[in-house]
Amino acid sequence: MFEFTHINDAEPYLVDTLSGDRFLRSAGDLSNSSRFVAPYPPEQQPACALVVGQVARDLAARGVTACVVDAYDELLASLDEQGLWEMYEQAEAGLDPKSLADALKDSAGLSDGRYAARFDGRAAETGADLLIVTGVGAAFPVIRVHWLVENIKAAVPVLVMFPGAHNEMPDGTRSLDILTAPPGHGGGKYRARNIFDF
């Protein structure tokens, strides 16, 4: 397992791994998941955005095209396109957080596939070799990583930058715990593999 203290230190590892044949061919390997997460300390989110930009540039220098899509930006764009963002902004004060999150999920098209299709379309239109998803911390709890991993159908490997921890529980299961959630809060049913274990 690759270990680091700061996400900046992971940049060379990510470039080497994401440009490698094993990673790039994982989308065509039916026995292997091609969905990955890159957990990092939540307080390093601003630095992570810079690292992802540098990773994409370094990959391009190696002839590998990365499509970077921000989950929060796509959520806002989906609502804006429907003319709903201002309505939700005004309604936010009068709704409890769960009701607001549920309403946003419905409007963004989580249940009918519209939201996930945005990621698939972006990867296809750029001719990308891989898809890197950012912004999941800002989009939480409306968008959850396990939902993204299970619903993005892009024909390329997918890496989700994950502000949280990938914890192993006493019973042997693994849990992806976003932001400052306590260990085990995220559940153990994620299809995605930790890129730092790859």
Side-chain angles (χ1 to χ4, degrees), residues 14-15 17-40 45 48-49 51-53 55-56 59-60 64-82 101-102 104-166 174-179 181 186-198:
L14 288 171
V15 172
T17 302
L18 302 182
S19 62
D21 284 345
R22 182 174 171 227
F23 176 83
L24 293 172
R25 286 197 317 254
S26 67
D29 184 356
L30 297 178
S31 66
N32 225 351
S33 170
S34 61
R35 304 307 187 235
F36 299 84
V37 292
Y40 62 91
Q45 285 187 81
C48 181
V51 167
V52 168
V55 165
L59 287 171
V64 176
T65 302
C67 175
V68 179
V69 181
D70 186 297
Y72 183 70
D73 288 348
E74 291 299 322
L75 175 62
L76 294 185
S78 173
L79 296 173
D80 277 344
E81 288 163 10
Q82 300 173 70
D102 288 344
L104 288 169
K105 286 177 189 179
D106 289 342
S107 295
L110 269 68
S111 61
D112 64 14
R114 284 180 291 130
Y115 182 74
R118 298 176 76 88
F119 294 82
D120 302 337
R122 293 280 298 279
E125 73 191 21
T126 59
D129 298 303
L130 69 141
L131 174 63
I132 301 176
V133 179
T134 63
V136 296
F140 179 82
V142 177
I143 309 300
R144 294 181 180 261
V145 173
H146 77 274
W147 185 92
L148 277 174
V149 166
E150 291 172 10
N151 287 280
I152 291 176
K153 305 299 184 201
V156 295
V158 177
L159 175 67
V160 179
M161 302 305 294
F162 185 81
H166 195 212
R174 291 183 167 225
S175 179
L176 275 172
D177 303 307
I178 197 162
L179 302 172
K189 297 188 176 179
Y190 286 87
R191 276 182 48 212
R193 294 183 289 167
N194 187 335
I195 194 68
F196 299 118
D197 288 338
F198 187 63

Could you pull out the closest heavy-atom pair between A71 and V136, with the gap in Å?
CB-CG1, 4.2 Å
For F119, give me all partners under ring pair (Phe, Tyr, Trp, His ring centres under 6.0 Å), at least two apart in sequence or on another chain.
Y115
Nearest non-hydrogen partners of P141 and K105, listed with the distance:
O-CE, 3.8 Å
What is the distance from atom OG of S34 to atom CG of L159, rounded to the nearest 0.5 Å?
11.5 Å
Check whether any side-chain heavy atom of Q82 sits under 4.5 Å from a side-chain heavy atom of R114, and report yes or no.
yes
Contacts of E81 that satisfy side chain to side chain donor-acceptor pair (under 3.5 Å) - sequence neighbours left out:
R118
Evaluation steps, side chain to side chain contact (heavy atoms under 4.5 Å, CB included), between V133 and I152
CA-CA 10 Å; V133 179; I152 291 176; 4.2 Å; yes
Sidechain-backbone polar pair: D129 side chain, V64 backbone, donor-acceptor under 3.5 Å:
no
Test: R22 cationic atom under 6.0 Å from F198 six-membered ring centre, within 45° of axis:
yes
Checking D21 now: which residues fulfil side chain to side chain donor-acceptor pair (under 3.5 Å) with it, not counting sequence neighbours?
none
With R122, which residues qualify under side chain to side chain contact (heavy atoms under 4.5 Å, CB included), at least two apart?
C67, V69, E74, E125
Closest non-hydrogen contact found for V68 with A56 is CG2-CB, 4.2 Å
Side-chain contact, heavy-atom cut-off 4.5 Å: L59 with L130?
yes
Heavy-atom closest contact (L14 atom, F196 atom, distance):
CD2-CE2, 3.9 Å
One pair to check against side chain to side chain contact (heavy atoms under 4.5 Å, CB included): V158 and V149. What are the steps and the verdict?
CA-CA 8 Å; V158 177; V149 166; over 6 Å; no
What residues, two or more places apart in sequence or in another chain, satisfy side chain to side chain contact (heavy atoms under 4.5 Å, CB included) together with D73?
D70
With rounding to the nearest 0.5 Å, note down the distance linking CZ in R193 to OG in S26.
6.5 Å
With D102 via side chain to side chain donor-acceptor pair (under 3.5 Å) - residues at least two apart
K98
CZ/F36 to CG/L18 distance, rounded to the nearest 0.5 angstrom?
9.0 Å
D120 side chain vs K153 backbone, donor-acceptor pair below 3.5 Å
yes
Is a side-chain donor or acceptor of N151 paired with a backbone partner of A116 at a separation under 3.5 angstrom?
no
CA sep, side-chain torsions, deciding dist, call: I143, Y72, side chain to side chain contact (heavy atoms under 4.5 Å, CB included)
CA-CA 8 Å; I143 309 300; Y72 183 70; over 6 Å; no
Let me confirm one number: the SG-CZ distance from C48 to F162, rounded to the nearest 0.5 Å.
12.0 Å
Quick one: list whatever passes side chain to side chain donor-acceptor pair (under 3.5 Å) with S19, sequence neighbours left out.
R62
If we ignore hydrogens and angles and just use 3.5 Å, is the side chain of T126 paired with the main-chain N or O of A123 as donor and acceptor?
yes
Side chain to side chain contact (heavy atoms under 4.5 Å, CB included), that's the test. Do M161 and I132 meet it? Break it down for me.
CA-CA 7 Å; M161 302 305 294; I132 301 176; 4.0 Å; yes
Over all heavy atoms of both residues, which pair between P39 and G164 is shortest? Give the atoms and the distance, please.
CB-O, 3.6 Å
For L24 and P157, the nearest pair of non-hydrogen atoms, with its separation, is O-CG, 3.8 Å
Any heavy-atom pair between the side chains of I195 and T17 that's under 4.5 Å?
yes
